[in-house]
Amino acid sequence: MRTLIIGALILLCFTPALSQLGVPRNVEFALNRIEQAIRAGHPATMEDLLQSGITMRLGDSLYQRISSITAIDLLNKFFTNKDSIDFRFGLPGQGTMTYSSGGKRESTQVDVWLKRDQGEIGIYALNISNYPIATVFFNIHPDTSKAGK
């Protein structure tokens with residue numbers, strides 16, 4: 001019985017650590033910083049990870065090749081009226097953000113694409129919307145795609 005309990009404890013303690021074995025430390029560190037910035041609703045804490053020329057989708061708006069300063073301004077505006085933000089990455093780079101805004105509770109997908117540039121990890125693209133990942137970089141609005149049918 002004691003062996004079974006010890007085996008169960010080892011499995012419960014090491015499973016989260018084993019799930020991240022393939023992620024390099026600098027990528028894991030960057031993802032942790034992004035997760036903390038989104039959870040706090042303060043994107044300025046990840047400003048050094050935002051690269052110039054970033055592509056970003058916030059809700060229905062798509063921003064392509066914008067500067068890191070513009071990206072921070074847009075993210076600050078996005079988080080302005082959001083209360084009680086809860087966010088965690090499920091898979092590395094993909095997660096769900098749940099927040100309340102104006103008395104309504106909503107959730108949205110968050111996808112982060114990282115890029116290594118001259119040895120440094122930075123955010124290449126950011127998707128904070130419920131658009132499918134396959135269409136996140138295309139300037140298509142969901143209502144206009146049904147207009148031709």
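Quick caveat, the model's predicted, so the values are computed rather than measured. Numbers here simply count residues along the sequence, with the first being 1.
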* **Pairwise side-chain contact, V112 with V110, heavy-atom cut-off 4.5 Å (strictly under)** => yes

* Asked: Can you name the residues that form a side chain to side chain donor-acceptor pair (under 3.5 Å) with Q51, not counting sequence neighbours?
  -> none

* To do: Mind jotting down which residue pairs meet the side-chain hydrogen bond (donor to acceptor under 3.5 Å, both in side chains) criterion with at least one end in residues 40-50? Sequence neighbours excluded, please.
  => R33-D48

* **Sequence neighbours excluded - side-chain hydrogen bond (donor to acceptor under 3.5 Å, both in side chains) pairs with any residue from residues 113-129** => D111-N127, N127-S129

* Rounded to the nearest 0.5 Å, what's the gap from CD1 on I66 to OG on S52? Could you check? => 9.5 Å

* To do: Using the test ring pair (Phe, Tyr, Trp, His ring centres under 6.0 Å), find all partners of F79 that sit at least two apart in sequence or belong to another chain.
  => none

* To do: Mind jotting down which residue pairs meet the side-chain hydrogen bond (donor to acceptor under 3.5 Å, both in side chains) criterion with at least one end in residues 62-76? Sequence neighbours excluded, please.
  => S67-T70

* Test side chain to side chain contact (heavy atoms under 4.5 Å, CB included) on I34 and L114 and set out the steps. => CA-CA 11 Å; I34 295 165; L114 298 176; 4.0 Å; yes

* Separation of I121 CD1 from E28 CD (nearest 0.5 Å) -> 12.0 Å

* Separation of N130 CG from S107 OG (nearest 0.5 Å) -> 6.0 Å

* **From CE (M97) to OG1 (T108), nearest 0.5 Å** => 5.5 Å

* Asked: Considering the options I128, L50, L75, which one meets the side chain to side chain contact (heavy atoms under 4.5 Å, CB included) requirement together with M56?
  -> L75

N/O donor to acceptor pairs below 3.5 angstrom from side-chain atoms of residues 82-94, sequence neighbours left out:
residue : atom : partner : partner atom : Å
K82     : NZ   : F78     : O            : 2.9
S84     : OG   : S100    : OG           : 2.9

* Residues forming a ring pair (Phe, Tyr, Trp, His ring centres under 6.0 Å) with Y99, sequence neighbours excluded -> none

* Asked: side chain to side chain donor-acceptor pair (under 3.5 Å) with T96: which residues, sequence neighbours excluded?
  -> Q109

* Structure fact -> Applying salt bridge (Lys or Arg N to Asp or Glu O under 4.0 Å) to R105 and not counting sequence neighbours gives none

